[in-house]
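Structure first, commentary second.
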Amino acid sequence: MRATNWPARIRQFWVRFSKNHAAVAGLVIVAALVAVSAGANLIRANDIFNINPGQTFESPSWSHPFGTDNLGRDMFSLFLYAGRVSFEVGFTAAAVSVLLGTLLGSIAGFYGGVVDDVIMRFTEMFLAIPILLLGLTILIIYGPGLSHVVFVIAVLSWPVTARLVRAEFLTLKEREFVEGLRAVGAPNHVIIFNEIMPNALIPVIINASLQVGAAITVEAGLSFLGLGDPSNPSWGYLLQQAQTFLTRAWWIATFPGIGLLLAILSLSLIGDGLNDALNPRLAEKG
Amino acid sequence: MRILAPLLEVRAVKKYYPLGRGLLSISKRAVHAVDGVSLRLETGTTLGLVGESGSGKTTLGRIIVGLIHPTEGSVMFEGQEIFSLRGKEQFSLRTKMQIIFQNPEASLNPRKTVRHVLTQPFLLHRLATRSEADERAYHLLEQVKLTPPELYLDRYPHQLSGGQKQRVAIARAIALGPKLVVADEPVSSLDMSVKASVLKLMNEIQSNLGLSYFLISHDLYMTRSISKIVAVMYAGRIVELAETDELFRHPAHPYTQALLASTPVPDPAIARGVSRNVIGEPFSPIDPPDYCRFSSRCPYKQDKCLQRSPQLEEIRKDHWVECFFPL
């Protein structure tokens, strides 16, 4: 049964999602960017740290579609590998933050009372911290590194998900089916994770797509401020490196910039599309 | 000497919801949802609890199945205080008492199939393997007349009608063979024809399984058709308690009379007692007065009613009324 029901639901979801053309375009763009970044070593095997003093600042050509930089490196290769880093950071940070936020938010919303108070004060404390400031501090203390960046972003963005999930749980736990479950003796962890959670997931999914974009943005910001990991350059890192050559070689900054712009814009369009497709309350009105 | 404890005995149960929350709140104001209720229910019988909304009947029902802890008092089930049970004993109590809710839309998880709802009790209590539980779920659907069961097992709640949902809720409630089922307005959100068939089903199940119902309702005539004993609740207290026929023939509390007089009578042969209209508003449930709670609306009130609170007294055999001047 579950096997026959899911495809129907997925088809219905797709019908709704595909009505939003911007979201479909966003999905195509993100899919393409992820695909070329993931397959970077298939498309361009050249070592991105290979310095070619003979071909610095070459403008875009057939052999170097995105030109070369001040060290003669192929910008197209750099673009692909940097895209991989940006997406890796974006997806892992979003995943960690969504998991953490969902866990804490569900517990706060379900138990209420003192548990809720403690978790929510904690959440507000994190919300009050300016993200870049704490990010800078942590990265300055612990040094650059992808895992540090992921940690910083995840730790600072879970409160959004936590509040969202808590709000869902606050209303869902009052539904009579929860009392029915208590009456048959279902333990709390079953009620929270198996029963209420599936009802609370839609806003989480929508939010997750926005979190990926936000994580990529923050990573770019941190890299741009010089806290990127030089051994794992991301699009933001490339932008930071390109600053000095803005007037001399436009292509060095332009392509990573376009990559970032497309990725972030597309992810937020996907978020909109998911919202339309998964949120029947809004869909009915519109 | 007591030979056999009754199935259910509610002893002086109170539930107060304090107002104002916070570290510095010293307010002692509280909503008195249930304010000193005692009841008994024997095996295989139905007790109908009637009262207007806000009278505390839903809270009382939730307390009886152990979903809400009372502020004071105790609930004895088969001679055991249910709120003192812990661990395994508390868990196995869950197989003996169940609840059916008013709103079938909210009483089933929208993301779970009928199969999940009906197999879960067995799996939680480790009373069956998955395939045995499947089989039991199938039989449960037969018992609640959702046939053929294979048509319903894999449906989600949104694929069922209100009456069908309520049947699934009943099936879940009787899954583990409970001795007591609290039914909180089980049919009031269903339409007339469905109402009748669901009530008929509940009757059938009772005679087949020998369970007791604690039936909460605001509909006196529905209660009359199914209950052996009727309790009338007003402002958190039981104001009248008697066998059904006795209560309907000789309502002794002014509130019961008013309630009977204000309900449309489906059967004109039923004679209505002469009753003066109930006027005024009920007292606020926040810190109610310590004299008669019905005095603000009672057409028969006297000085005494404004000085002390009456207690339930037996005016005839098995007919209890909480009024200084029963009618």
Side-chain angles (χ1 to χ4, degrees), chain A residues 1-10 12-13 102 106 110-118 120-121 165 168-205 278-281 283-284, chain B residues 21-23 58 61-62 64-68 88 90-126 150 152-159 165 168-169 172-173 175-176 178 180-182 184:
Chain A
M1 173 57 203
R2 279 174 203 121
T4 57
N5 201 284
W6 269 107
R9 275 205 196 172
I10 289 168
Q12 186 195 13
F13 160 77
T102 305
S106 59
F110 182 79
Y111 287 100
V114 182
V115 178
D116 185 32
D117 283 346
V118 170
M120 290 328 283
R121 291 305 86 76
V165 174
E168 289 291 313
F169 266 70
L170 281 180
T171 56
L172 285 167
K173 74 166 178 183
E174 299 296 335
R175 301 271 286 273
E176 284 171 344
F177 77 81
V178 175
E179 287 192 296
L181 287 162
R182 282 191 202 287
V184 296
N188 284 340
H189 66 90
V190 169
I191 299 180
I192 296 175
F193 298 110
N194 299 5
E195 298 282 341
I196 301 185
M197 196 63 92
N199 291 287
L201 278 185
I202 281 171
V204 173
I205 293 169
L278 293 175
N279 213 330
R281 275 166 291 185
E284 275 160 27
Chain B
R21 193 179 73 115
L23 290 174
T58 293
R62 300 282 204 278
I64 284 170
V65 283
L67 289 172
I68 297 178
K88 257 189 194 149
Q90 190 192 36
F91 187 58
S92 69
L93 178 73
R94 298 282 111 238
T95 66
K96 294 180 186 159
M97 40 174 41
Q98 277 303 316
I99 183 163
I100 302 169
F101 300 99
Q102 173 174 9
N103 180 3
E105 307 302 320
S107 64
L108 299 175
N109 187 342
R111 300 261 164 193
K112 299 291 177 181
T113 59
V114 172
R115 184 193 299 277
H116 173 88
V117 170
L118 297 185
T119 52
Q120 189 183 37
F122 301 111
L123 299 174
L124 276 173
H125 288 266
R126 299 183 194 284
E150 52 270 32
Y152 297 95
L153 269 176
D154 293 311
R155 289 203 188 172
Y156 285 87
H158 68 89
Q159 297 165 313
K165 274 181 239 187
V168 173
R172 170 178 62 190
L176 297 173
L180 171 68
V181 171
V182 170
D184 186 359

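By convention in this document, chain letters (A, B, ...) are assigned in the order of the sequence lines, proteins followed by strands, and residues within each chain are numbered from 1. Below, all heavy atoms of this structure are taken into account, side chains as well, without hydrogens, waters or symmetry copies.
- By the 6.0 Å and 45° rule, Arg155(B) stacks over the aromatic ring of Tyr152(B).
- In this structure, the separation between CD on Glu195(A) and NE2 on His116(B) is 3.5 Å, given to the nearest 0.5 Å.
- Of all the listed residues (Gln102(B), Glu105(B), Lys112(B), Met97(B)), the one sharing the greatest number of non-hydrogen pairs under 4.5 Å with chain A is Lys112(B).
- With a 4.5 angstrom heavy-atom cutoff, Val178(A) does not touch chain B via any of its atoms.
- Here Ser107(B) is the residue among Pro178(B), Gly66(B), Ser107(B), Ala175(B) with the most heavy-atom pairs under 4.5 Å with chain A.
- Scanning for side chain to side chain contact (heavy atoms under 4.5 Å, CB included) contacts around Val115(A) gives Ile107(A), Tyr111(A), Ile119(A), with sequence neighbours left out.
- Options Val117(B), Leu176(B), Asn109(B) differ in how many heavy-atom pairs under 4.5 Å they form with chain A, and the most are formed by Asn109(B).
- Each of Gln98(B), Arg172(B), Arg94(B) has some count of heavy-atom pairs under 4.5 Å with chain A, and the biggest count is that of Arg94(B).
- Taken from CD1 in Ile202(A) to CG in Leu278(A), the straight-line distance is 5.0 Å, to the nearest 0.5 Å.
- Only the side chain of Leu124(B) comes within contact range of chain A, with heavy atoms under 4.5 Å apart.
- Ranked by heavy-atom pairs under 4.5 Å with chain A, the first of Leu108(B), Val182(B), Val65(B) is Leu108(B).
- Gln90(B) does not touch chain A: none of its heavy atoms, backbone or side chain, sits under 4.5 Å away.
- Partners of Phe193(A) according to the ring-ring contact (aromatic ring centres under 6.0 Å, His included) rule, which considers only residues two or more places apart in sequence or in another chain, do not exist here.
- The shortest non-hydrogen separation linking Ala173(B) to Ile99(B) is CB-O, 4.1 Å.
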